[in-house]
Amino acid sequence: MTLLYSIFVDPFVQMVQMPDLLAQTLWEGLVSGVLYALIALGFVLIFKASGVFNFAQGIMVVFSGLTLVGLYEKFAAAGFSGPLAAFTALALAVLVMLILAMVIERTVLRPLVNQPDIILFMATFGVTYLLIGFGEMVFGGDPKQMITDQLFLPRGAYDVAMLGGHVSFQKIDIAATVIASLMIAGLAIFFQKTRIGRALRAVADSHKAALSVGISLNQIWVIVWFAAGVVALVTGIMWGARSDVSFALQIVALKAFPVLILGGFTSVPGAIVGGLIIGIGEKLGEFYWGPLVGGGIESWLAYVIALLFLLYRPQGLFGDKIIERI
Amino acid sequence: MFYREAGQFKQSYAADQAIFPIRQDRIGLAVILLIAFVGIPLFGNEFLLASVMVPFLILALGAIGLNLLTGYAGLLSLGTAGFMGVGAYAAYKLSTIFPEVNILVWILCSGFFAAAVGAVFGLPSSRIKGFYLAVATLAAQFFLQWCFVRWSWLYNDNASGAIEVPARTLFGIAITGPSATPVTRYLVVLTIVVVMTLIASNIVHGRIGRSWMAVRDMDIAAQLMGIRLLPVKLLAFAVSSFYCGVAGALMVFLWLGAAEPAAFDINLSFVLLFMVIIGGLGSLIGSFFGAALIHILPIAIRMLPDALGLSIGAATVEHLTFMIVGALIIFFLVVEPHGLARLWQIGKQKLRVWPFPY
Amino acid sequence: MRAPGDKSGLKAGDTLLAVENVSLTFGGVKAISEVSFDIRKGEIRAIIGPNGAGKTSMLNVVNGFYHPQHGRITYKGQTRARMKPYQAASQGIARTFQNVALFRGMSTLDNIMVGRTLKMHRGLFWQMLRFGPAMAEEIEHRRVVEDIIDFLQIEAIRKVPVGKLPYGLQKRVELGRALAMEPELLLLDEPMAGMNLEEKEDMCRYILDLNNQFGTTIALIEHDMGVVMDLSDRVVVLEYGHKIADGTPDVVKADAKVIDAYLGIERGVSGPSQESEAT
């Protein structure tokens with residue numbers, strides 16, 4: 001009885017009694033949800049356009065953040081620091097992501113075109129290993145501080161007295177949410193309104209049909225991987241500003257998988273909504289139910305949420321019902 | 001020239017159904033087994049036995065387990081390390097609760113625990129497939145790893161949170177613990193791996209193996225042949241997890257000697273998946289090739305600078321290893337997406353018609 | 001080859017399968033509406049109609065892959081509610097597919113052996129040993145499969161992975177796989193699509209041989225009218241999910257509605273006439 005009480009009643013009592021804590025938990029869940037959604041967004045872009053389940057998206061986040069900070073450190077060591085150096089490093093990091101996209105297209109996608117999905121999936125593992133080795137060799141393996149101030153990102157927190165208590169909003173979290181929303185809006189416009197966007201959607205529907213009307217697959221792939229790289233860079237900056245830039249982020253990036261399951265592999269709104277559900281569900285679960293089993297359930301709760309959801313609705317949040325034909 | 005089956009007529013279906021229908025293959029296998037059981041223990045040094053052969057065989061066994069699931073039944077799993085961990089912890093608990101029973105019995109029994117856990121986590125496969133299922137198995141991976149950390153009963157409430165292998169003997173010879181010599185450990189592992197490989201080969205060549213492959217290739221048609229998907233898939237999960245569980249128990253008891261939960265983290269799952277893919281999906285011999293390549297390659301790379309007389313920092317070597325392994329994975333996938341097993345087949349075909357091109 | 005097991009005790013001419021008022025919809029789209037027909041034991045029953053008429057959906061309903069919203073299906077005197085495909089298989093319904101649905105990673109021999117799955121019973125323990133009873137069982141079924149291979153004249157491609165075979169042979173292997181189940185009711189979905197004349201002739205001969213020698217009941221979807229009219233005992237014609245005619249080939253051939261559906265003359269509407277595939 002006490003067990004049932006502590007599972008089904010007590011957490012909700014706590015929520016109602018201390019609404020400020022609930023609000024704080026929800027806000028934190030929302031922010032981590034936004035970041036999950038950003039990683040998932042990178043996945044979705046690539047999956048839609050090239051059908052590749054890109055395992056390397058997580059490492060691309062780390063790698064791009066590391067490139068930015070690493071370049072800035074090298075500049076600073078040469079006596080060139082401040083905002084100008086930071087933005088030069090940012091531009092160079094974008095350039096690096098473009099080069100990366102081109103190299104991947106050239107060496108991985110093009111030779112492996114028409115191979116089964118799992119082969120391409122494994123190839124992105126190869127990319128992951130390469131990027132880990134390369135990033136650590138060039139920039140070193142220790143965690144780095146994100147150059148928050150130099151990029152004019154805010155620090156500190158707003159303490160808001162509400163709901164009979166205090167809720168603290170980190171300024172960087174607010175900035176992350178705003179920037180993420182702007183980027184998603186920008187991508188949506190790009191997809192819907194531009195010629196390249198239309199070509200992209202065509203490729204997403206059918207590679208062969210797109211080829212037959214003269215769309216260059218190779219060009220589209222470079223654009224998509226570059227876009228995913230830029231999304232990764234933004235994610236890397238935001239995430240790096242909240243903790244620090246290190247390869248430990250890679251495991252966190254795996255959380256994008258349950259988000260993808262929830263939202264469907266090809267749905268951009270799915271990635272966003274899925275990210276928020278996972279982020280908030282995970283924080284609530286950890287905070288209110290975690291202590292019952294000794295805590296740390298954040299490491300698997302997201303997967304279990306996604307799994308239960310999947311059993312109920314195999315096609316994901318925004319997918320159409322699959323009718324199998326024979 | 002010498003590798004040609006011309007003149008070897010099979011006069012019964014039994015002969016035709018044999019796993020190695022060609023005489024030269026049987027001779028080759030006998031030679032390999034002879035080298036493995038006699039040659040390597042006699043002439044191998046401790047490094048070769050303890051750091052190369054034992055891990056290679058254990059990883060190959062784990063890869064076979066994953067290959068049964070992914071290569072034969074077509075169910076992608078990223079939870080292999082979790083199932084290996086179940087085997088390891090089960091063997092540890094069983095051998096500490098009942099120390100008088102022979103450790104080999106417990107190592108094999110631990111496979112049943114892994115099989116049960118595997119079957120439970122295989123249940124979602126009734127409704128989902130492909131990458132969606134892969135993510136579901138990630139849930140198994142993270143949940144099991146969390147159990148290994150939080151459930152202190154599993155490691156007998158050790159302060160360190162790790163499991164220490166007790167010393168155990170077989171016929172008075174130490175086979176686990178610090179006093180076991182590499183040769184005995186090698187021979188024990190080799191025997192188990194050879195026998196279990198044979199059993200796996202038997203399973204995949206019979207009715208059960210065929211129904212796994214049918215489900216993999218075209219599940220709708222398989223259903224209309226009278227195959228019930230869920231039992232077949234669950235059996236694949238159970239058998240696969242049995243192999244992984246035994247591999248996990250062997251890993252702790254005969255290779256590492258002690259293990260923390262981190263030994264069964266997601267990276268091990270990925271490493272095994274590499275082995276299966278690089279070796280060849282749906283090929284048992286490919287699992288050995290894959291394990292050899294992925295395990296021995298980094299060792300070779302680490303030894304290379306010394307051999308060449310170059311002095312490179314240990315960290316740099318580590319990073320280079322990562323990069324080279326990554327590049328090689330891509331290289332092998334580009335050259336032969338069907339894995340080393342396919343290269344092996346092509347090689348045999350070439351040998352068959354040698355010295356002519358075709 | 002053995003005659004298929006006849007456990008039902010039905011004589012030739014008795015109703016083997018009766019479909020009554022079956023309707024099937026996919027989220028608002030009506031694939032089949034209020035269709036009734038029967039299949040008698042020992043006959044060759046053709047189902048024809050323009051593309052999208054619901055023929056394949058009808059077969060899918062019969063072997064339990066789709067579940068109709070309305071109507072009843074009686075097989076061997078048993079009316080069933082919802083049936084799973086594997087249950088249909090175990091009751092003796094086998095089929096081939098419009099787009100070849102072979103197990104592409106397996107050899108011809110293994111593909112046909114899969115058809116024997118339901119008849120093999122040795123469990124995991126014997127399978128692990130692959131010795132004694134398991135091996136005996138394996139060889140016993142191999143013998144049956146070799147008979148089928150002989151019957152279909154595909155000895156040479158026994159060990160070839162089916163993915164490498166040309167289309168006509170794949171269709172033949174698929175027929176072999178269905179035969180391995182020793183079916184009482186064999187559903188053939190366009191067995192001759194995409195074949196050249198010789199291949200079609202071969203396939204026709206196999207179908208007739210099966211029917212004559214072993215008394216296998218066959219339901220057949222086919223677009224080649226010459227084949228349909230020559231082979232079948234009775235024909236049912238579907239159009240847009242409705243049944244428009246049913247009877248012997250001669251009756252159907254003369255039916256005004258059928259001529260309309262295929263040639264689209266009198267009503268002069270677009271739609272089905274554009275897709276007419278009558279030869």
Side-chain angles (χ1 to χ4, degrees), chain B residues 5 10 12-19 21 68 71-74 115 126 195-232 234-236 238-239 242-243 280-283 338 342 345, chain C residues 59-60 63-65 84-97 100-106 109-124 126-131 134-143 145-146 158-159 162-163 174 177-178 180-181 187:
Chain B
E5 74 262 35
K10 284 150 238 165
S12 68
Y13 289 134
D16 193 44
Q17 306 267 52
I19 292 162
L68 290 177
Y72 285 91
S126 66
V195 171
M196 287 185 65
T197 307
L198 181 70
I199 290 175
S201 158
N202 286 342
I203 293 175
V204 300
H205 281 93
R207 171 179 66 88
I208 292 172
R210 278 195 300 269
S211 48
W212 285 346
M213 289 187 274
V215 170
R216 170 195 69 188
D217 286 347
M218 184 75 70
D219 56 351
I220 295 169
Q223 266 180 304
L224 300 175
M225 299 284 102
I227 292 171
R228 301 175 61 174
L229 295 187
L230 187 59
V232 167
L234 288 188
L235 183 64
V239 174
F242 182 92
Y243 275 75
L281 281 166
S283 161
H338 300 283
R342 179 65 65 87
Q345 267 181 353
Chain C
L59 288 200
N60 286 341
N63 62 12
F65 190 68
K84 293 264 163 55
Y86 66 81
Q87 288 165 327
S90 64
Q91 293 191 10
I93 302 179
R95 79 173 279 185
T96 66
F97 300 84
V100 177
L102 285 170
F103 308 123
R104 297 180 64 84
M106 302 160 75
L109 187 63
D110 280 341
N111 263 279
I112 303 179
M113 284 295 273
V114 172
R116 302 297 298 174
T117 304
L118 275 178
K119 319 254 177 218
M120 300 176 80
H121 303 290
R122 292 286 163 200
L124 184 61
W126 286 109
Q127 297 284 335
M128 277 162 58
L129 298 180
R130 196 182 162 77
F131 181 76
M135 200 62 191
E137 185 184 58
E138 188 89 4
I139 286 165
E140 176 197 331
H141 289 281
R142 171 82 189 264
R143 226 167 246 139
V145 168
E146 287 290 338
R158 227 187 239 121
K159 300 269 173 90
V162 286
E174 206 186 9
R177 190 182 63 183
M181 294 168 68
L187 312 173

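- Listed options C/His141, C/Arg142, C/Met113, C/Glu138 were ranked by heavy-atom pairs under 4.5 angstrom with chain B; first place goes to C/Arg142.
- At least one side-chain heavy atom of B/Ile208 sits less than 4.5 Å from a side-chain heavy atom of C/Gln127.
- Ranked by non-hydrogen atom pairs under 4.5 Å with chain B, the options C/Arg143, C/Gln87, C/Lys84 are led by C/Arg143.
- In terms of modelled atom types and a separation under 3.5 Å, the side chain of B/Arg207 and the main chain of C/Arg122 share a donor-acceptor contact.
- Looking at C/Ala88, there are no atoms closer than 4.5 Å to chain B (heavy atoms on both sides), in backbone or side chain.
- For B/Ala222, the parts lying under 4.5 angstrom from a heavy atom of chain C are both the backbone and the side chain.
- Only the side chain of C/Met181 comes within less than 4.5 Å of a heavy atom in chain B; its backbone stays farther off.
- Between B/Gln223 and C/Tyr86, every side-chain heavy-atom pair lies at or beyond the 4.5 Å cut-off.
- One distance of note links CD1 of B/Ile199 with CE of C/Met128; it measures 4.0 Å at 0.5 Å rounding.
- Shown are B/Ile220, B/Leu224, B/Leu229; of these, the side chain to side chain contact (heavy atoms under 4.5 Å, CB included) with C/Pro85 is made only by B/Leu224.
- Separation of atoms CZ (C/Phe103) and CG (B/Asp219) is listed at 9.5 Å; rounding is to 0.5 Å.
- Nearest heavy atom pair, residue C/Val114 against residue B/Ala214, reads CG1-CB, 4.0 Å.
- Between C/Leu109 atom CG and B/Arg210 atom CZ the span is 8.0 Å, to the nearest 0.5 Å.
- Between B/Tyr13 and C/Glu146 the shortest side-chain heavy-atom distance falls below 4.5 Å.
- Each of B/Gly226, B/Ser201, B/Gly282 has some count of heavy-atom pairs under 4.5 Å with chain C, and the biggest count is that of B/Gly226.
- Heavy atoms of C/Met106 lying under 4.5 Å from chain B belong to its backbone as well as its side chain.
- In this structure, chain B has heavy atoms under 4.5 Å from both the backbone and the side chain of C/Leu124.
- When all heavy atoms of C/Ala101 and B/Ala221 are compared, the closest pair comes out as O-CB, 3.5 Å.
- Between chain B and the options C/Met135, C/Met120, C/Lys159, heavy-atom pairs under 4.5 Å are most frequent for C/Met120.
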Q) Is there a side chain to side chain contact (heavy atoms under 4.5 Å, CB included) between C/Thr117 and B/Met225 once you walk through the steps? A) CA-CA 8 Å; C/Thr117 304; B/Met225 299 284 102; 5.6 Å; no
